[in-house]
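Structure first, commentary second.
All residue numbers in this chain count up from 1 along the given sequence.
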Amino acid sequence: MTQNKGIFLALEGIDGSGKTTQLQKLTARLAQLNIKHYSTQEPTGGPVGSLIRQILTGRTLADNRVMASLFVADRLDHLLNNVDGISQKIDAGVCVLTDRYYFSSYAYQSVDMDLNWLINANRPIAEILRPNLTIFLDIPVSTALARIQAGRFHTELYEKEERLLAVRKQYLTAFAQLQAEENIAIIDADADADTVAERIWQATAPLFG
């Protein structure tokens, strides 16, 4: 990576792991350090991302292979669109933080599909832009479910205990399989938000020199 390019950080974790809170804390720290930054998420708010959200909430049905392909399409648009695409922001020297990236597809969708199929489907995306660091917030499923139930009026397709246990397992499987290609930090997120934020910063700070 040339020196003028921005850092790309992806936050991952099962639902209820605290990604939204930690993304806010990390962006606040970057602001304090006067580091140019931009926060985003997947699925995006674009047309493909909106369709994905309809499927996740059960308003629309789709085959798993269709769902996986929609995530790829949404992710490519997330990278390449000429309004707020991640790639152009990185090229402009902006630090980009995303709430979910391709490891979410690997973990969630490989519960029902072949992991290698998903990795290959997302390989063009990885070739365009890999995160400088993927931060995985690891938390017991029981704790995550308690947070979800306390904070939401409905649960999405993936927010069931048995499935989240399987998703966590698939995250770890994907990390092990791709450890030679990816820079991954597994953070113990079973703590108060400030403690977790400090653990994340300890893993992240070296990227900023």
Side-chain angles (χ1 to χ4, degrees), residues 1-50 52-53 71 74-105 107-108 125-126 128-139 143-144 146-148 150-152 156 171 175 182-209:
M1 171 170 285
T2 55
Q3 201 165 18
N4 64 326
K5 286 195 173 185
I7 300 297
F8 182 34
L9 303 172
L11 270 72
E12 294 283 357
I14 63 173
D15 291 276
S17 61
K19 291 183 291 74
T20 302
T21 297
Q22 293 305 324
L23 191 71
Q24 292 169 347
K25 286 184 173 293
L26 188 52
T27 55
R29 192 184 290 254
L30 294 177
Q32 290 172 352
L33 296 171
N34 294 315
I35 295 172
K36 291 188 295 183
H37 60 279
Y38 171 76
S39 296
T40 185
Q41 65 179 4
E42 294 186 355
T44 71
V48 182
S50 297
I52 290 171
R53 292 178 191 280
F71 271 107
D74 188 45
R75 195 163 289 130
L76 278 169
D77 185 58
H78 200 194
L79 284 176
L80 301 175
N81 80 77
N82 59 12
V83 176
D84 55 3
I86 292 174
S87 290
Q88 69 179 16
K89 291 185 180 296
I90 294 291
D91 288 342
V94 177
C95 172
V96 176
L97 303 90
T98 183
D99 180 344
R100 300 202 178 284
Y101 198 47
Y102 46 65
F103 271 105
S104 283
S105 283
Y108 280 82
I125 294 164
I128 294 170
L129 187 63
R130 295 182 192 275
N132 295 90
L133 182 65
T134 294
I135 301 162
F136 177 61
L137 302 183
D138 196 16
I139 189 171
T143 303
R147 291 179 179 177
I148 292 167
R152 304 185 195 177
E156 291 186 341
Y171 261 122
F175 292 152
E182 303 282 349
N183 187 20
I184 300 156
I186 297 177
I187 303 294
D188 179 2
D190 192 14
D192 66 88
D194 289 338
T195 298
V196 175
E198 191 56 39
R199 291 171 181 169
I200 291 171
W201 184 244
Q202 288 173 7
T204 306
L207 296 172
F208 296 97

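Distance alone, capped at 3.5 Å, is enough to place a donor-acceptor pair between the Arg199 side chain and the Asp188 backbone. A donor-acceptor contact shorter than 3.5 Å links the side chain of Asn132 to the backbone of Phe8. The closest donor-acceptor contact from the side chain of His78 to the backbone of Leu76 lies at 3.5 Å or more, if one exists at all. Without hydrogens or angle criteria, Ser50 side chain to Gly46 main chain gives a donor-acceptor distance under 3.5 Å. No side-chain donor-acceptor contact under 3.5 Å links Arg100 to the backbone of Gln41. Proximity of a side-chain donor or acceptor of Arg75 to a complementary backbone N or O of Tyr101 within less than 3.5 Å is detected. Formation of a donor-acceptor pair under 3.5 Å by the Asn81 side chain with backbone atoms of Asp84 is found in this model. A donor-acceptor distance shorter than 3.5 angstrom exists from the side chain of Asp74 to the backbone of Thr44, with no hydrogens or angles considered.
Of all the heavy atoms in Asp91 and Lys5, the pair that sits closest is OD1-CE, 3.2 Å. Pairing each heavy atom of Ser17 with each of Ala189, the nearest pair is O-CB, 4.1 Å.
Screening Ile14, Ile200, Asp190, Thr21 for a side chain to side chain contact (heavy atoms under 4.5 Å, CB included) with Leu137, the sole residue that qualifies is Ile200.
Annotation: side chain of Leu30 is in contact with side chain of Cys95 (closest heavy-atom distance under 4.5 Å). Counting only heavy atoms from C-beta outward, the side chains of Ile187 and Ile135 approach each other to under 4.5 Å. In this structure the side chain of Trp201 never reaches within 4.5 angstrom of the side chain of Val196, judged on heavy atoms. Looking at heavy atoms from C-beta onward, Leu9 lies out of side-chain contact with Val96 at the 4.5 angstrom threshold. Counting only heavy atoms from C-beta outward, the side chains of Ile139 and Arg147 approach each other to under 4.5 Å.
In this structure, CD in Gln24 is found 15.0 Å from CZ in Arg29, a value given to the nearest 0.5 Å. Of the inter-residue distances, the one linking Ile7 atom CD1 with Ile90 atom CD1 reads 7.5 Å to the nearest 0.5 angstrom.
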Exercise. Run the side chain to side chain contact (heavy atoms under 4.5 Å, CB included) check on Thr98 and Leu11 step by step: do they pass?
Worked result: CA-CA 6 Å; Thr98 183; Leu11 270 72; over 6 Å; no
*Between Leu207 and Leu133, does a side chain to side chain contact (heavy atoms under 4.5 Å, CB included) hold up when you go through it step by step?*
CA-CA 9 Å; Leu207 296 172; Leu133 182 65; 3.7 Å; yes
(message) Walk me through whether Ser104 and Glu42 qualify under side-chain hydrogen bond (donor to acceptor under 3.5 Å, both in side chains).
(response) CA-CA 9 Å; Ser104 283; Glu42 294 186 355; over 6 Å; no
_Evaluation steps, side chain to side chain contact (heavy atoms under 4.5 Å, CB included), between Thr40 and Leu97_ = CA-CA 6 Å; Thr40 185; Leu97 303 90; over 6 Å; no
Q) Are Leu80 and Ile128 close enough, and set up right, to give a side chain to side chain contact (heavy atoms under 4.5 Å, CB included), and what steps lead you there? A) CA-CA 9 Å; Leu80 301 175; Ile128 294 170; 4.2 Å; yes
Next on the checklist: Go through it in stages, so that I can follow the logic: the residues are Glu182 and Arg130, the test is salt bridge (charged side-chain N to carboxylate O under 4.0 Å, His left out), and I'd like the CA-CA distance, side-chain angles, deciding distance and then a yes or no.
Outcome noted: CA-CA 8 Å; Glu182 303 282 349; Arg130 295 182 192 275; 2.7 Å; yes
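Ring centroids of Tyr171 and Phe136 are separated by less than 6.0 Å, placing the two rings close together. Taking the six-membered ring where the residue is Trp, the centroids of Tyr102 and Phe71 are separated by 6.0 Å or more.
Under 4.0 Å is where a charged nitrogen must lie from a carboxylate oxygen, and between Lys25 and Glu198 no such pair does.
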